[in-house]
Amino acid sequence: MGNPLDFASMSGDPTKFDVIIAGGGLAGLPLALALAQGGFQVAVVDVLDPAVDVDPEFDGRVSSIAEASLRMLGGLGVAQHMQEHLQPINDIVVTDGRPGETAAPLFLHFDHTEIGNVPLGAMVENRHLRVALRKALANSEGVTLMAPDRIVSFDVAPSHVSVTLGSGILLEGALLVGADGRRSQIRQQSDIQTVGWSYGQSGIVTTVEHALPHDGVAQEYFLPSGPFAVLPMVGNRSSLVWTEETELADALLGLDDEGFAAECAKRFGPYLGEMKPVGPRWSYPLSLQLARDYVRPRIALVGDAAHGIHPLAGQGLNLGLRDVAALADVLVDAQRVGLDIGALVTLHRYERWRRFDNVSLAVACDGLNRLFSNDVTPIRLLRDMGLGLVNRIGPARRLFMRLAGGGVGDLPRLMKGEPL
Amino acid sequence: MIDGAQSQTSSVDEDEIARFSAMAAEWWDPAGKFAPLHKFNPTRLAFVRDQVVNHFGLDSAKTAPFEGLSLLDIGCGGGLLSEPMTRLGASVIGADAGEANIKTASVHASEQGLDIDYRVTTAEDLAASGAQFDVILNMEVIEHVADRDGFLVSCSQMLKPGGILFCATLNRSLKAFGLAIVGAEYILRWLPRGTHDWNKFITPAELFRSIERTGLKVTQETGVTYNPLSDRWSLSTDMGVNYMMVATKPKPAA
């Protein structure tokens with residue numbers, strides 16, 4: 001990793017890379033590692049100081065990592081730096097319920113022993129993932145991290161894209177990738193429109209300690225206000241991902257620890273024994289936002305810049321990693337046969353490959369959220385029956401599990417555990 | 001006087017460049033007129049790369065494994081093969097009888113910063129000039145050529161001993177008639193009507209004989225098939241429609 005100040009390009013010639021990545025987050029850094037592995041010279045520009053975003057106060061979220069994603073992170077030299085922070089998910093239990101009531105009699109149960117005794121995935125705290133990504137980056141050649149710095153402007157020419165950074169550094173690349181999140185600057189300045197809506201819901205995230213072990217079971221309760229998930233973390237700890245209407249969420253955030261604990265207990269019952277919230281609480285507004293296009297000449301979008309979905313299925317990170325793996329596949333293949341990696345003919349392959357998958361999952365999560373976020377009795381009865389039906393039909397249940405494990409569809413090489 | 005003539009020339013050039021730049025944009029538009037060629041391109045490029053790397057024992061891990069090889073792309077069109085071959089390191093001459101194609105390809109290559117020697121010429125004239133190459137690409141061309149045997153003789157003359165020739169074309173089969181003409185030109189409208197004349201299509205057996213008559217040795221042949229579900233081309237043993245043939249020129253006995 002170079003120090004931006006080492007660059008003598010403050011005003012003179014631009015420093016040349018194959019690919020410039022805007023955003024050094026959970027999509028940008030895996031992409032940088034994958035492309036470096038594929039032989040590319042990569043620059044990553046991130047606004048955050050690398051010392052800040054691994055602070056536990058910075059991001060309290062946890063991510064579920066599907067089996068295929070874990071395989072990919074292993075191949076990129078990331079997983080080995082966070083082994084002790086991975087909590088395997090052995091079972092997922094989905095329940096329909098209302099606060100203060102016992103769970104609906106019909107519920108959905110995903111047991112990993114049904115698909116060959118491999119875990120359904122693992123939970124990891126985002127900050128541990130960030131630290132692991134940084135460690136992998138330090139061991140990787142071909143990636144230059146420029147942070148904290150920001151992209152002031154970029155200009156797409158027929159043969160390259162020029163990027164000007166806030167520090168005055170000039171970069172030039174064959175391709176600029178927007179891995180810069182929901183409010184992607186690269187997307188907006190490339191005039192790529194989005195479709196979507198706000199859910200009027202916020203996701204509250206916090207960590208609780210509990211007396212009894214969770215046995216690696218993830219619980220998802222569909223409450224009228226939105227899904228409420230209890231996700232196992234390492235030790236006797238769980239992460240609560242709690243969806244509420246935004247107004248109520250704000251009120252909940254304002255409660256003292258005791259009041260907050262009482263509200264939690266009302267929702268997920270006594271099965272983990274006595275519990276208490278630990279650490280800070282965060283809230284994130286939820287919205288669905290899909291980019292109409294993923295590519296422009298010399299521009300590509302990955303991760304949340306291309307698609308922000310409802311977090312109820314915990315698939316945001318996995319979708320981003322699938323984008324990364326597919327883009328790496330396409331770019332390596334193009335470079336191998338001498339094709340221009342920034343040309344539309346190349347980038348269209350990536351867009352075709354990813355858009356279908358991403359839109360399907362976004363629509364599925366949106367539909368599930370709408371179906372479950374209401375309290376009308378007939379609808380509640382219907383969805384209880386629906387869950388019960390899926391539970392009884394083995395093949396459907398196993399398909400759901402494989403979907404959640406990320407092992408379905410046309411997988412990029414990195415996700416199959418193959419070299420680029 | 002000289003100044004006047006120069007400025008006139010340059011203004012004409014600017015108009016021309018704008019026109020050919022627009023044509024180049026059309027050639028390189030993945031959803032445009034040449035979309036089928038772009039879909040087909042990665043498959044045939046990968047085939048050429050692997051064959052050339054194997055034949056000359058090159059280092060396939062390098063980004064530009066073709067460094068040091070001279071390559072002729074006959075019927076280069078907008079440069080869909082010439083540009084990748086240049087990026088792979090070959091020093092490339094792109095030849096096409098159509099002046100518009102050559103100007104289009106030249107404008108695009110200079111926009112890309114690629115150094116390619118594009119020429120309005122024919123295989124016969126180039127051969128007569130004594131040009132010699134390590135690799136000759138003769139892709140989707142032979143079915144458009146009037147004198148097929150004469151054309152292949154010229155190609156063979158231009159191939160250095162130990163060199164390798166690629167020939168890609170369409171089989172004269174009922175299936176090819178159905179897919180390449182009725183399907184691609186009339187139903188899918190991938191290609192303008194009249195792009196292909198079925199009578200000029202050539203069977204693998206005929207091409208094999210024509211190539212070997214020139215003294216080259218056919219070393220490899222493969223079909224290329226399209227899967228409409230995945231919208232992708234791949235190599236296949238089915239030579240019923242599209243196929244490629246590879247030939248090498250034996251080195252004289254020492």
Side-chain angles (χ1 to χ4, degrees), chain A residues 13-14 16-19 35-42 142 156-162 172-175 293-300 326 329-357 409-412 419-420, chain B residues 21 24-25 27-32 34-53 60-67 71 73 78-90 92 107-116 137 227 229-233:
Chain A
D13 290 339
K16 291 192 179 176
F17 292 93
D18 296 311
V19 182
L35 293 180
Q37 205 173 76
F40 292 101
Q41 291 295 319
V42 186
V156 174
S159 63
H160 63 272
V161 52
S162 317
E172 196 179 292
L175 175 67
D293 303 305
Y294 289 6
V295 301
R296 285 281 185 269
R298 307 215 170 274
I299 303 285
D329 246 34
V330 166
L331 297 185
V332 166
D333 283 353
Q335 158 123 321
R336 190 177 167 275
V337 298
L339 287 170
D340 178 358
I341 59 167
L344 270 187
V345 288
T346 302
L347 299 176
H348 266 216
R349 256 196 79 207
Y350 160 69
E351 183 177 73
R352 278 203 310 272
W353 192 349
R354 291 305 305 146
R355 192 155 55 181
F356 178 75
D357 191 15
D410 188 5
L411 281 187
L420 274 172
Chain B
S21 182
W27 264 97
W28 291 88
D29 177 0
F34 298 99
L37 269 182
H38 286 295
K39 282 179 187 152
F40 189 47
N41 219 14
T43 308
R44 60 181 186 170
L45 284 170
F47 180 73
V48 169
R49 182 193 199 277
D50 293 346
Q51 293 289 324
V52 169
V53 163
S60 107
K62 279 164 69 176
T63 322
F66 287 12
E67 252 162 32
L71 184 147
D73 178 10
L80 264 53
L81 290 165
S82 292
E83 289 194 7
M85 291 296 129
T86 305
R87 282 197 201 88
L88 288 180
V92 176
V107 168
H108 195 264
S110 76
E111 282 174 356
Q112 298 296 307
L114 294 174
D115 183 17
I116 300 172
L137 302 184
N227 177 344
L229 286 180
S230 66
D231 194 23
R232 279 201 206 166
W233 290 84

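Just so it is clear: chains get the letters A, B, ... in the order the sequence lines come, proteins before strands, and each one is counted from 1. Because the structure is predicted, anything quoted here is derived from the model rather than measured.
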Engaged part of A/D333 at the chain B interface, taking heavy atoms whose separation is under 4.5 Å:
neither
Within a strict 4.5 Å, meaning less than it, do heavy atoms of the A/V337 and B/P84 side chains meet?
no
Can you tell me if CG on B/D115 sees more than 12 non-hydrogen neighbours from other groups inside 6.0 Å?
no
For chain B, find which of A/A157, A/A334, A/P158, A/P297 contributes the most heavy-atom pairs closer than 4.5 angstrom.
A/P158
B/G113 and A/S159 have their tightest heavy-atom pair at N-CB, 4.5 Å
For A/G338 versus B/R87, what's the shortest heavy-atom pair and its separation?
O-NH1, 2.7 Å
Holding to salt bridge (Lys or Arg N to Asp or Glu O under 4.0 Å), I want the full list of residues that pass it with A/R336, two or more places apart in sequence or in another chain.
B/D50
Can you tell me how far the NE2 atom of A/H160 sits from the CD atom of B/Q112, to the nearest 0.5 Å?
10.5 Å
